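So the structure is just underneath, and the comments pick up after that.
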Number of protein chains: 2
Amino acid sequence: MLSVEHLSRKEQVIRKAAELFREHGYAATSMRDLANALGIEAASLYSHIKSKEEILQSLCFGMADLFRDSLNGVEIMDIPYSEKLRKGIIGHIQVMAKDLIASAVFMNEHRHLSQPYLRDFLLLRINYINRFKKIIEGGIRSGEFREIDTKLAVMTLFSSLNWMPNWYDPSGIINPSDLGNQLADMLIDGLKNK
Amino acid sequence: MLSVEHLSRKEQVIRKAAELFREHGYAATSMRDLANALGIEAASLYSHIKSKEEILQSLCFGMADLFRDSLNGVEIMDIPYSEKLRKGIIGHIQVMAKDLIASAVFMNEHRHLSQPYLRDFLLLRINYINRFKKIIEGGIRSGEFREIDTKLAVMTLFSSLNWMPNWYDPSGIINPSDLGNQLADMLIDGLKNK
DNA sequence: CCATAAGTCTACAAGCCGGTAAAATGCAAG
DNA sequence: CTTGCATTTTACCGGCTTGTAGACTTATGG
């Protein structure tokens, strides 16, 4: 067990599941659909995964780890808060861009996690959001940012970022780092000409 | 038929369905769940609606009409493009605030529409988005807005607005009109102090 | 007081759901 | 050439799915 073949087959199952979960949603994707897409019988899936929800868990918590780590270096840097926010945004975009499908599942399907996994997931998410909120609060205190409602600001920020997996075309001309910079421009500086 | 009672009972069914669709998703909500929430048997639902999907259709296309109409007066006004955008944003927010539950279903569950309804729905949506895109393009031409990627701008805009039903608390202190103005501030002027 | 209609019920159809058990298959190392 | 393991298959379980048929209840207005 734990051979390369086994792991890769399990990974294949999870990846195909992610595609179907993204396209039709977790609840509307049956294990028979998944098996069919892989060219095997539904029962065969259970040699690789314990349950349908285990797939969702590995997708959601796998992405949560990547998001958490991406922000680690940024907070302690000795740079203006607007630059911290910019780096946080770019990191967030790059994590999503590395796996757009898993990101979309992470964003849209996590509510189908059962307890206690749902609770744990939501705690990880609120923690991550609060780290961004602190950066914005710092920027307001330092006078870099206007005195805006921080809850509203952080909700606007994450709304804009997290919808990206639903429209970004990775085969297009713009790369993830540029996209992150442009999104940061728009959110930090706004649409208006100064 | 068409008595007040009949209409109101049908409306009750649709409203309760909207609540469940928002909370658990369309696919994860069974007609038994819905019947149970109403205190009746599942079969009784079919005296009021033709099918589960008919409920989703009425919710999605009902909201689509409201969004379309909310923008009608704005485009022909003789005001700066930034003001047109602001009024468009406030109108969009107010339509959502009038029915947060139906709005959430509209945003998150429309993909479960079957053809040809899904196609029609997506056409309505892209049309609505393009009307905002034209306002932004006008603002760039007039020099009011920076020379930003319009697709990116309009996606950022709608991401920020459309996530609102998922976090806005209507019993809180901020009213929909103020919320629309604050969102417009943030999107048009950005976070940064000038 | 009865006709009408709305609303609900029981019973059921036909099929899909996630998941299990145990046998069969294919393959690679000893 | 056989042992052992990964993988898949067939057959199945109990329960849930949307939706239908037809009978029953309840209320209202003439």
Side-chain angles (χ1 to χ4, degrees), chain A residues 1-60 105 109-118, chain B residues 1-21 23-60 105 109-115 117-118:
Chain A
M1 74 204 66
L2 224 109
S3 73
V4 174
E5 289 77 22
H6 179 84
L7 280 180
S8 88
R9 195 69 177 123
K10 180 171 182 174
E11 284 297 312
Q12 284 172 37
V13 169
I14 291 174
R15 284 229 61 76
K16 185 63 78 177
E19 290 171 27
L20 297 181
F21 290 171
R22 161 153 115 157
E23 192 168 351
H24 308 292
Y26 176 78
T29 302
S30 75
M31 295 303 272
R32 281 168 178 75
D33 293 337
L34 174 54
N36 208 291
L38 289 163
I40 60 178
E41 295 298 315
S44 307
L45 294 168
Y46 292 90
S47 299
H48 308 291
I49 48 101
K50 287 205 290 283
S51 67
K52 184 184 179 184
E53 196 188 312
E54 190 206 43
I55 301 174
L56 184 63
Q57 286 162 17
S58 87
L59 289 167
C60 289
V105 173
E109 308 300 331
H110 67 260
R111 65 171 157 176
H112 297 290
L113 289 169
S114 64
Q115 298 293 5
Y117 301 99
L118 179 58
Chain B
M1 76 203 67
L2 224 110
S3 71
V4 174
E5 290 78 22
H6 179 81
L7 281 181
S8 89
R9 195 68 176 122
K10 180 172 184 174
E11 284 298 313
Q12 284 172 38
V13 170
I14 292 175
R15 283 229 60 77
K16 186 62 78 176
E19 290 172 27
L20 297 181
F21 290 171
E23 193 168 349
H24 308 291
Y26 176 79
T29 302
S30 77
M31 296 301 271
R32 277 173 176 72
D33 293 337
L34 174 55
N36 207 290
L38 289 162
I40 61 178
E41 295 298 315
S44 307
L45 294 168
Y46 292 89
S47 299
H48 307 292
I49 47 98
K50 287 205 289 286
S51 66
K52 185 184 177 183
E53 195 186 312
E54 191 205 44
I55 301 174
L56 184 61
Q57 286 162 18
S58 88
L59 289 167
C60 288
V105 173
E109 308 300 330
H110 67 260
R111 65 170 159 178
H112 294 106
L113 290 169
S114 65
Q115 299 292 5
Y117 301 99
L118 180 57

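Note that this is a predicted model, so its numbers are computed, not measured. Letters A, B, ... are given to chains in the order of the sequence lines, protein chains preceding strands, and every chain is numbered from 1.
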Compute whether any side-chain donor of one residue and acceptor of the other, for A/Arg15 and A/Gln12, lie under 3.5 angstrom apart.
-> no

Closest-nucleotide 5' rank along DNA chain D - winner of A/Tyr46 and B/Ala27 | A/Tyr46

Presence of B/His48 side-chain N/O under 4.0 Å of C/dA6 phosphate oxygens OP1/OP2 = no

Give, for atom CG of A/Leu34 and atom CD1 of A/Ile40, the distance between the pair rounded to the nearest 0.5 Å.
-> 7.5 Å

Separation of atom CG in A/Leu45 from atom P in C/dG18, rounded to whole Å = 10 Å

Between CG of A/Leu34 and P of C/dG19 the distance, given in whole Å, is 12 Å

B/Arg9 atom CZ is separated from D/dT26 atom P, nearest whole Å, by 15 Å

Measure from CD on B/Gln12 to C1' on C/dT8 and round the result to the nearest Å.
-> 14 Å

Okay, side chain of A/Asn36, backbone of A/Asp33: is any donor-acceptor separation there less than 3.5 Å?
-> no

Tell me, do A/Val13 and A/Lys10 make a side-chain contact under 4.5 Å, heavy atoms counted?
-> no

Calculate the interatomic distance between A/Leu38 atom CG and D/dT7 atom P; express it in whole Å.
-> 13 Å

A/Glu53 side chain near A/Tyr26 side chain, heavy-atom distance below 4.5 Å | yes

Per-nucleotide protein contact string for nucleotides 9-17 of chain C, where B marks a base within reach and S marks sugar-phosphate only (heavy atoms under 4.0 Å, - for neither) | BBB-----B

Heavy atoms, side chains only, cut-off 4.5 Å: are A/Glu109 and A/Thr29 in contact?
-> no

